Chemist: 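Below is a structure I'd like to ask you about.
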Amino acid sequence: MAVCIAVIAKENYPLYIRSTPTENELKFHYMVHTSLDVVDEKISAMGKALVDQRELYLGLLYPTEDYKVYGYVTNSKVKFVMVVDSSNTALRDNEIRSMFRKLHNSYTDVMCNPFYNPGDRIQSRWALLPVSASSPGGPYSRVRIQSRWALLPVSDPVQVGPTSCVRIQSRWALLPVSDPVQVGPTPVSDPVQQGL
Amino acid sequence: MSPTQWDLPVELCCRPMAFVTLTGLDVVYNAVHRAVWDAFCANRRADRVPISFKVLPGDHEYPKCRPKRTSYEWYIPKGILKTGWMNKHLNLVPALVVVFYELDWDEPQWKEKQSECATRVEIVRQSLQGRNTKVAVVLIQKKTPLPPGEDVIASERAAALCNACELSGKSLFVLPHTDHLVGYIIRLENAFYEHAQTYYYTEIRRVKSHKEFLNKTTHQLLFVRHQFKIAFFSELKQDTQNALKNYRTAYNLVHELRAHETNILEIKTMAGFINYKICRLCFQHNTPLDAIAQFRKHIDLCKKKIGSAELSFEHAAWMSKQFQAFGDLFDEAIKLGLTAIQTQNPGFYYQQAAYYAQERKQLAKSLCNHEASIMYPNPDPLETQTGVLDFYGQRSWRQGILSFDLSDPEKEKVGVLAIQLKERNVAHSEIIITLLSNAVAQFKKYKCPRMKSHLMVQMGEEYYYAKDYTKALKLLDYVMCDYRSEGWWTLLTSILTTALKCSYLMAQLKDYITYSLELLGRASTLKDDQKSRIEKNLINVLMNESPDPEPDCDIFAVKTAQKLWADRISLAGSNIFTIGVQDFVPFVQCKAKFHAPSFHVDVPVEFDIYLKADCPHPIRFSKLCVSFNNQEYNQFCVIEEASKANEVLENPTQGKMCLVPGKTRKLLFKFVAKTEDVGKKIEITSVDLALGNETGRCVVLNWQGGGGDAASSQEALQAARSFKRRPKLPDNEVHWDSIIIQASTMIISRVPNISVHLRHEPPALTNEMYCLVVTVQSHEKTQIRDVKLTAGLKPGQDANLTQKTHVTLHGTELCDESYPALLTDIPVGDLHPGEQLEKMLYVRCGTVGSRMFLVYVSYLINITAEEKEIVCKCHKDETVTIETVFPFDVAVKFVSTKFEHLERVYADIPFLLMTDLLSASPWALTVVSSELQLAPSMTTVDQLESQVDNVVLQTGESASECFCLRCPSLGNVEGGVATGHYIISWKRTSAMENIPVIRTVITLPHVIVENIPLHVNADLPSFGRVRESLPVKYHLQNKTDFVQDVEISVEPSDAFMFSGLKQIRLRILPGTEQEMLYNFYPLMAGYQQLPSLNINLLRFPNFTNQLLRRFIPTSIFVKPQGRLMDDTSIAAA
């Protein structure tokens, strides 16, 4: 169970940050922020390794007395940071990896949303983390916008990592323009929900 | 209980060294002894053996040895480790006592001296009663000893002395006091060291021998104690491997002890000690990972052993100390060469230590909040008789009591109270700050800037709690920009909130305003109610009133602050604060935008200042001024409203001086640019927005350039990326994001209202005076003055073109090199509205190719703009590209008199020079005349008259001339012989009479001249007639200085009969000529081959017929017999 999940932009400002014990949110903010030191160092150490050989998972960033901080970086240098309770021994490397992979998928879904502007703070709370079951399909299910998004260009490829770019294209190709239900990140059972 | 209660004892932290005492040395009065002692003490570097020496008098009393215990059966230990034990073995009980004694082998009073020495040894032995301490004797001698075995007396007396002192021979040493003192001392030292090691070895054996008597039920504590002692002795013996092994065993044994609230402190203390030793040795063995693993294990084991809840701050203090001690060890190891990494460095341990120190503070705060009336208990339960505890980690009021039941709960209560009251006096913040600053230093070293910032924030907050607001503010202010630049607004807001409290409590006006501005801004994540509270305070401050205190501040500090604020109000002085916004994110945003990237000088420059407030309530500003790089414009761009300070909140929604939250306010400015600024950039250097009033307090927000603060560049980037459609707004409102700052504009000259036309006939011909007619017509409404014309080659082209282009106004004479390529500022005079003016320019282009010509007309005109009369300088330029071409191509060829092409000419033999003039000009050319200027080496055969005078050539037409020339023999000239020049005088047919004629000189090609031995030419009529005699005369000229033998034969032809010599051999004298006469009789009409003449020169075998045939005709046209002719001839006959 992750206690805090953060998505950090390429320029190192937070896109999305949530922690489950909400009373001491600031502590987790600091923790995520300081972990960027290690992320930066790891990324610069990776250097110009071939893109396909590059490992996105950065592993344990640094241990604190009570928490473990893990990192993950996408090809577009968007960072994911996850804070896990140290006492939770059930979460081993493999579990963390798969949680990150799910998080990456969720993030890609957000990027696929034509109404999301890459680099903006991710506002919709349900996008990456489920808050409650009450989220009503999100703001993108309004009928008014159905006809518009088909005309919108596929998101700027520079903003999006190579993998997500491919994803977007395939998604778009598969989505029928007229189908109103498919628009936006569909409220499938959120992957992170299982992780949390 | 000293404040250093939690510090590890010195004797634990030092490196144990064998303890050796030196007796019999008088280091005060005896120079020799002093020198010996100095040699022992000085230069104790790593290469010397690890011994700690001490000089003691010979009769020094060593600690008494307790009588040997014969049985442990009834012995119940009272604690784990006595507080004095380590010190005793480090500094009190020696491994070896050395007795120094001055005695030479040849001492006359040997007997007496020997017994005195023995007495001294005996005294030492007495005081060491029961200990295994070794004794050694060193004889200080004045004489250099002989090599061993040579001095018979010495060995005898040495044996006797050993006997008398009951020493083994190995314990007697001789120290000659000579030049090589240090060398001797080092050898002595090594010998002492061996003795000491033997001593510690026996001590270890002794302690081990106790083990068998122990039983697990009552002697649990002794297991730990003995194991610790063995390890400590091993360390003294410098056997660190075994020491480590034994410490590890001891560590495991400590945790096997039965723990209870009463003894948990003792267990933790000992565990901490042993852990410290293990980690220290691991670092020493260069196995840092073992050290870290041990420490982690230690922490995991002890973390939960909190002990008494009432004294839980003690646990936090202990934990903090554990981390700090480990951090120190780690840091020390790094100083000795260990390399740490970003994720594993001492900083983390200091940080954790600081964290526990903070926890300690929290716990102490909640547990020690006794009322002031509660007095410190008397008698002090923390006092002991000796002033120190007997055993490490025990409570002073129940030392040595092992029972888990509290025998005296009242006493326990008093004890706890005493500890709690003591804890209240501890300067927690100081401890925390020290630890944090240690950690900061480490993280700085290991490339963790963000961790460093985080710790500095904590330090700042701690200073805040410690009421050192100046330092707190300094630290917080230092790190703020890091969080701001990375856009972590939540964290920034939290830091700003603390900083605001600090500045409030210190009544720091400027800081208070700055932080308020930012907390109200868009970067702040505060809730609206907080924001409106801050805004209200800010307005109060601007009205020269005290703000309300910040929430959660110390009540006493608030009282002091209120007084300070009150003082501030009464204090006269500068109340204007200028705050540069580029380094933070204030609640007013500003963007300046010129309406266009350039303005004509006759139109007023217009720009907008957009302002937007992010605060919760509308705010009024008092003044807005814009500064430019040319400060003369500043005066035109000021908005000021004479409003009283208390009006700030009244009528907030009216007037343009009021900023409504979330709405973009647009302010239009207009001014007329100066004519001097034409061609220059006008730049907004800063925008100043004043809040408040000069009578109260005034804050001037200063934007550099056209606005923008610490966050706006990133926002602009995001806005540019966004493809969201913005919702429609009513007219005259704009979206903030869609405004792009444009902080500079160009002032360009007024648009000219004249027309400039160029009339000419391209292309230009090389070297001609090309005529360019410039027509200027004024379309202005008023008279224009000072019209000037600049014309010629456009600057900035190839430099060669400048050399080869000349411009003049006078077409009647050819211009030469002295004429410029560009004529500047030709005054033309004034022009009335509608008036037209024509000017002719002549251009001479010396080379072909295209050129850009510029015609630039400038003039002055009076204009009224914004009710201001200005004189505008206008200009209009026209450029035209003119191609220059050769007017004609001249082809020259050499042909023989037979019009056959010649590659070379033959000396003295006439040839023809043909020139061919092909017009390439699209315009008709008139060749006025042509002239052939021969080189001296050439002579003409007939008159050199021009054959093409006044010929008009249309495009593609050509004019040819032919000259017959001869070249006298010159011998062999390399590269040929110059022929001369061909000069053509020409002009355009369309050109006017007074336009000069252009002379084009063409250098004729060189020609190769060759000598031939024999020249043959033939005299024959131009045609023959069938059956009419055709006389042909061949002239054979000998061109050599020799007599030539010539064989001549004539080959018959079908078309001719002939008479004459068919085959002959003759001689021709040098320079003479031989004639051969033949009479041909044509038989057939048409173009007929003549009988060929074969000539063979016997002297020149290479001379072939082929060459000669060039000179003589090979065929002739034969006319048929004409009837008419026949008739007339008959008639004539």
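On a predicted model such as this, the values are computed, not experimentally measured, just so you know. Quick note on labels: first sequence line is chain A, next is B, and so on, each numbered from 1.
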Chemist: Starting at OG of B/S494, measure out to NE2 of A/H29 and round the result to the nearest 0.5 Å.
Modeler: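 It is 10.0 Å, given to the nearest 0.5 Å.
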
Chemist: Counting only heavy atoms closer than 4.5 Å, note whether B/Q344 contacts chain A via side chain, backbone, both or neither.
Modeler: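 It is neither, since no heavy atom gets under 4.5 Å.
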
Chemist: May I ask you to decide if B/T343's main-chain N or O and A/E41's side chain share a donor-acceptor pair within less than 3.5 Å?
Modeler: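 Looks like no, no N/O pair under 3.5 Å.
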
Chemist: So for A/I8, is it side chain, backbone, both, or neither that comes closer than 4.5 Å to the heavy atoms of chain B?
Modeler: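 Side chain of A/I8 only, per the 4.5 Å heavy-atom cut-off to chain B.
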
Chemist: I need the residue from B/F443, B/F348, B/F323, B/Y483 with the largest number of non-hydrogen atom pairs under 4.5 Å to chain A.
Modeler: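 Most heavy-atom pairs within the cutoff with chain A belong to B/Y483.
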
Chemist: Considering all heavy atoms of both residues, which atom of A/D37 and which atom of B/M451 are nearest to each other, and what is their separation?
Modeler: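 Residues A/D37 and B/M451, closest heavy atoms: OD2-N, 2.8 Å.
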
Chemist: For a quick test of reading the model, state the closest non-hydrogen atom pair linking B/E486 to A/Y13 and the distance between them.
Modeler: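 Scanning both residues, the minimum pair turns out to be O-CB, 2.9 Å.
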
Chemist: Search all heavy atoms of B/L491 against all heavy atoms of A/H33 and return the closest pair with its distance.
Modeler: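 Shortest heavy-atom contact: CD1-CB, 3.9 Å.
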
Chemist: Once you round to the nearest 0.5 Å, how far does CG of A/D40 lie from CD of B/Q342?
Modeler: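 Between A/D40 CG and B/Q342 CD, I get 8.5 Å after rounding to 0.5 Å.
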
Chemist: Quick check on A/L61 against chain B: is it the side chain, the backbone, both or neither that has a heavy atom closer than 4.5 Å?
Modeler: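 Just the backbone, heavy atoms under 4.5 Å.
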
Chemist: With a 3.5 Å distance limit and no angle check, can you tell me whether B/W488 reaches the backbone of A/N12 through a side-chain donor-acceptor pair?
Modeler: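 It does hold such a pair.
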
Chemist: Hey, what do you get for OG1 (B/T490) to CZ (A/F28), rounding to the nearest 0.5 Å?
Modeler: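 So the OG1 of B/T490 and the CZ of A/F28 are separated by 14.0 Å.
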
Chemist: So which atom in B/Q718 and which in A/D120 form the shortest heavy-atom distance, rounded to 0.1 Å?
Modeler: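 Heavy-atom minimum between the residues: NE2-OD1, 2.9 Å.
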
Chemist: Looking at every heavy atom in both A/P14 and B/G487, which two are closest together, and how far apart are they?
Modeler: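 Where A/P14 meets B/G487 most closely, the heavy atoms are CD-O, 3.4 Å.
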
Chemist: Determine whether B/W489 and A/R121 satisfy the following criterion, side chain to side chain contact (heavy atoms under 4.5 Å, CB included), listing intermediate values before the conclusion.
Modeler: CA-CA 12 Å; B/W489 305 133; A/R121 283 173 170 65; 3.3 Å; yes

